[in-house]
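In what follows, a structure is listed as structure tokens, so that the remarks can point back to it.
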Amino acid sequence: MHDIDNSEFEHMLILDRMNDLSDNDPLYPFAMDELLCKQVGKGGPALCHLWRHPQSFIMGLRDSRLPYADKGREWITSQGYQVAIRNSGGAAVPLDLGVVNISLIMPKHGLADTHFHRDFEKMYSLIQQALLHSSSRVDKGEIIGAYCPGDYDLSIHGRKFCGIAQRRQAHAYIVQAFVIVNGSGQERAHLVKGFYERAAVHADASQYPLVTDDSTASLAELIDMGVDPTATFVEAVKHVISDRQMLHNISTRANSLNIPQQEEVMKMVSTLRERYDSPSHE
């Protein structure tokens, strides 16, 4: 079991937007992360941003370049999902209110800071600590057949419940995790599989993940998460960080945080959509 380096969290603030569902644009939380990351890069406080988003299908850039990406996208839309392309790494991920997203937004320690694996380890350790109530071990390593596969797939009993990606700016970076907390992992995997069955026709198998329905599960399907799994998990994450905060510094750090206003966030949404979701990228 890895323990978290206390110094990474003692000055970190928690921004809990789990119930802030006022804006339905699927790029809104990614735009928020982008703006907050700029603040952190200018000396603002490190952040743990907790958020959810309803019925959205978030594609990676590589997904958008598949031969029939438009057909896959049309089908996903017909299933009741909004679709967007994100600027962080990874492949397609469905989001809904049973998926908790964690964004750790932290300053670089120098312009040459490229410790990608160390940054992923911070997220892995945080989630491990949050799930200490479980007697099950949280493993890391790619799960064959899972959607959005990677070296930092997090799994219990061989079934993936979490994927980790990152986005780096000049002076700060974001480590993002999607954690499938509640609902059916199989249904989500089946949805992603359906997207690739339509979008990846005639594509080389190396260009997209071969998703299987039995590769993925929610935490609620894997371990005892109580009557409200989402709230239980979020409180556990917040507890891990708050236990390590230097409380006498937190109020000072909180005063230096400026939450971006909606107009500013929507301007960034437009920028991200123009940059990553234009026809030239498909």
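Residue numbers start at 1 and run along the sequence shown.
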Worksheet item: Is the number of heavy atoms from other residues, nucleotides or ligands under 6.0 Å of His239 NE2 greater than 12?
Response: no
Discussion item. Before you tell me yes or no, could you show the steps for Val237 and Ile14 under side-chain contact (heavy atoms from CB on, under 4.5 Å), namely the whole-Å CA-CA distance, both residues' side-chain angles and the distance that decides it to 0.1 Å?
Written reply: CA-CA 10 Å; Val237 170; Ile14 298 169; over 6 Å; no
Worksheet item: So which of Ile180, Ile58, Val100 actually passes side chain to side chain contact (heavy atoms under 4.5 Å, CB included) with Leu95?
Response: Ile58
Practice prompt. Report yes or no: do Asn101 and Gln176 form a side-chain donor-acceptor pair below 3.5 Å?
Written response: no
Worksheet entry | Heavy-atom closest pair, residues Arg86 and Cys148 | NH2-SG, 3.6 Å
Worksheet item: Closest approach of Ile143 and Ser215, non-hydrogen atoms and distance?
Response: CG2-O, 3.8 Å
Item to complete: Please report the C-alpha distance between Arg168 and Lys108 in whole Å, then the side-chain angles of each, then the deciding distance to 0.1 Å, and finally whether the side-chain contact (heavy atoms from CB on, under 4.5 Å) criterion is met.
Response: CA-CA 9 Å; Arg168 301 182 81 82; Lys108 289 184 179 179; 4.0 Å; yes
Discussion item. Do Phe120 and Gln166 make a side-chain contact, defined as non-hydrogen atoms from C-beta onward lying under 4.5 Å apart?
Written reply: yes
Worksheet entry | Main-chain N/O of Leu257 paired to Gln39 side chain as donor or acceptor, under 3.5 Å | no
Fill in: Pairs where residues 27-55 contributes a residue and the test salt bridge (Lys or Arg N to Asp or Glu O under 4.0 Å) is met, not counting sequence neighbours
Glu34-Arg167
Discussion item. Determine whether Leu131 and Leu219 satisfy the following criterion, side-chain contact (heavy atoms from CB on, under 4.5 Å), listing intermediate values before the conclusion.
Written reply: CA-CA 10 Å; Leu131 295 175; Leu219 284 174; 3.9 Å; yes
Worksheet item: What is the distance from atom CD of Glu263 to atom CE of Met268, rounded to the nearest 0.5 Å?
Response: 13.5 Å
Fill in: Within-4.5 Å side-chain heavy-atom neighbours: Ile76 and Leu191
yes
Discussion item. Minimum heavy-atom separation for Ala130 and Ala236, please, with both atom names.
Written reply: O-CB, 3.3 Å
Discussion item. Hydrophobic clustering (ILVMFWY, side-chain heavy atoms < 4.5 Å, transitive) - are Val179 and Leu21 grouped together?
Written reply: no
Item to complete: Return the set of residues passing ring-ring contact (aromatic ring centres under 6.0 Å, His included) with Phe161 (not counting sequence neighbours), or none when no residue passes.
Response: none
Worksheet item: Is it true that atom CG of Asp228 has more than 12 heavy atoms of other residues, nucleotides or ligands lying nearer than 6.0 Å?
Response: yes
Worksheet item: When rounded to the nearest 0.5 angstrom, what distance separates CE in Met18 from CZ in Phe233?
Response: 9.0 Å
Practice prompt. Using the ring of Trp75 (Phe, Tyr or Trp, six-membered ring only), decide whether Arg198 places NZ or CZ under 6.0 Å from its centre and within 45 degrees of its axis.
Written response: yes
Worksheet item: Do Asp214 and Arg159 meet the salt-bridge criterion of a basic N to acidic O distance under 4.0 Å?
Response: no
Worksheet item: So, the side chain of Ser56 versus the backbone of Pro54: is there a donor-acceptor pair under 3.5 Å, distance only?
Response: yes
Discussion item. Please tell me whether Phe178 and Leu15 are part of a single hydrophobic cluster in this structure, the criterion being side-chain heavy atoms less than 4.5 Å apart.
Written reply: yes
Worksheet item: Is any side-chain N of the basic residue among Lys238 and Glu235 closer than 4.0 Å to the acidic one's carboxylate O?
Response: yes
Fill in: Interatomic distance, Ser22 atom OG to Asp20 atom CG [nearest 0.5 angstrom]
4.0 Å
Practice prompt. Please answer: with hydrophobic residues joined when any side-chain heavy atoms are less than 4.5 Å apart, are Leu210 and Met59 in the same cluster?
Written response: yes
Worksheet item: Would you say Thr216 and Arg188 make side-chain contact, with heavy atoms under 4.5 Å?
Response: no
Fill in: Arg275 side chain vs Ser270 backbone, donor-acceptor pair below 3.5 Å
no
Fill in: Aromatic ring pairing Phe30/Trp51, orientation class (parallel under 30°, perpendicular over 60°, tilted between)
perpendicular
Fill in: Check: Ile164 and Val175 side chains under 4.5 Å, non-hydrogen atoms
yes
Discussion item. Test your reading of the model: is there a side-chain donor-acceptor pair from Lys160 to the backbone of Gly145, 3.5 Å cut-off?
Written reply: no
Fill in: Minimal non-hydrogen separation, His133 against Asp224, with atom names
NE2-O, 3.3 Å
Worksheet entry | Contact check, side chains of Val138 and Tyr124, non-hydrogen atoms, under 4.5 Å | yes
Discussion item. Any side-chain to backbone donor/acceptor pair from Ser184 onto Glu187? Under 3.5 Å, distance only.
Written reply: yes
Discussion item. Treating Thr271 as the side-chain partner and Lys267 as the backbone partner, does any N or O pair qualify as donor plus acceptor under 3.5 Å?
Written reply: yes
Fill in: Minimum side-chain heavy-atom gap Gln128-Leu154 below 4.5 Å
no
Response to the item:
CZ of Phe9 to CE of Met106, rounded to nearest 0.5 Å, is 6.5 Å
Worksheet item: What is the distance from atom CG of Leu272 to atom CG of Asn87, rounded to the nearest 0.5 Å?
Response: 5.0 Å
Item to complete: For Tyr196, check ring-ring contact (aromatic ring centres under 6.0 Å, His included) against everything at least two apart and list the hits.
Response: Tyr208
Worksheet item: In terms of hydrophobic clusters joined by side-chain contacts under 4.5 Å, are Ile102 and Leu222 together?
Response: yes
Discussion item. As a quick check of understanding, evaluate side-chain contact (heavy atoms from CB on, under 4.5 Å) for Tyr68 and His202, giving each step before the final call.
Written reply: CA-CA 9 Å; Tyr68 295 93; His202 304 314; 4.0 Å; yes
Fill in: Atom of Asn24, atom of His53 and distance for their closest heavy-atom approach
O-NE2, 3.1 Å
Fill in: Hydrophobic cluster membership, Leu97 vs Leu27, 4.5 Å side-chain cutoff
no
Worksheet item: Taking atom types as modelled and ignoring hydrogens, do the side chains of Glu142 and Tyr152 form a donor-acceptor contact shorter than 3.5 angstrom?
Response: no
Practice prompt. For Ala172 and Val40, work out which heavy atoms get closest and say how close.
Written response: CB-CG1, 4.0 Å
Discussion item. Is it the case that the side chains of Gln169 and Tyr173 hold a donor-acceptor pair, with the cut-off being a distance below 3.5 Å and no angle test?
Written reply: no
Fill in: Side-chain donor/acceptor of Gln207 to backbone N/O of Asp204, under 3.5 Å
no
Worksheet entry | Note: Asp63-Arg65 ion pair, threshold 4.0 Å (strictly below) | no
Worksheet entry | Main-chain N/O of Gly150 paired to Asp153 side chain as donor or acceptor, under 3.5 Å | yes
Item to complete: State whether the number of non-hydrogen atoms from other residues, nucleotides or ligands found under 6.0 Å of Lys193 atom NZ is greater than 12.
Response: yes
Discussion item. Check Lys122 with Asp119, please: is the shortest side-chain N to carboxylate O separation under 4.0 Å?
Written reply: yes
Worksheet entry | Heavy-atom side-chain proximity of Asp151 to Lys140 below 4.5 angstrom | no
Worksheet, complete the sentence: Rounded to the nearest 0.5 Å, the CD1 atom of Ile85 sits from the OG atom of Ser64 at a distance of 4.0 Å
Item to complete: Could you tell me whether a side-chain N or O of His11 sits under 3.5 Å from a main-chain N or O of Ala46, the two making a donor and an acceptor?
Response: no
Worksheet item: Does the side chain of Val192 reach to within under 4.5 Å of the side chain of Pro94, using non-hydrogen atoms?
Response: yes
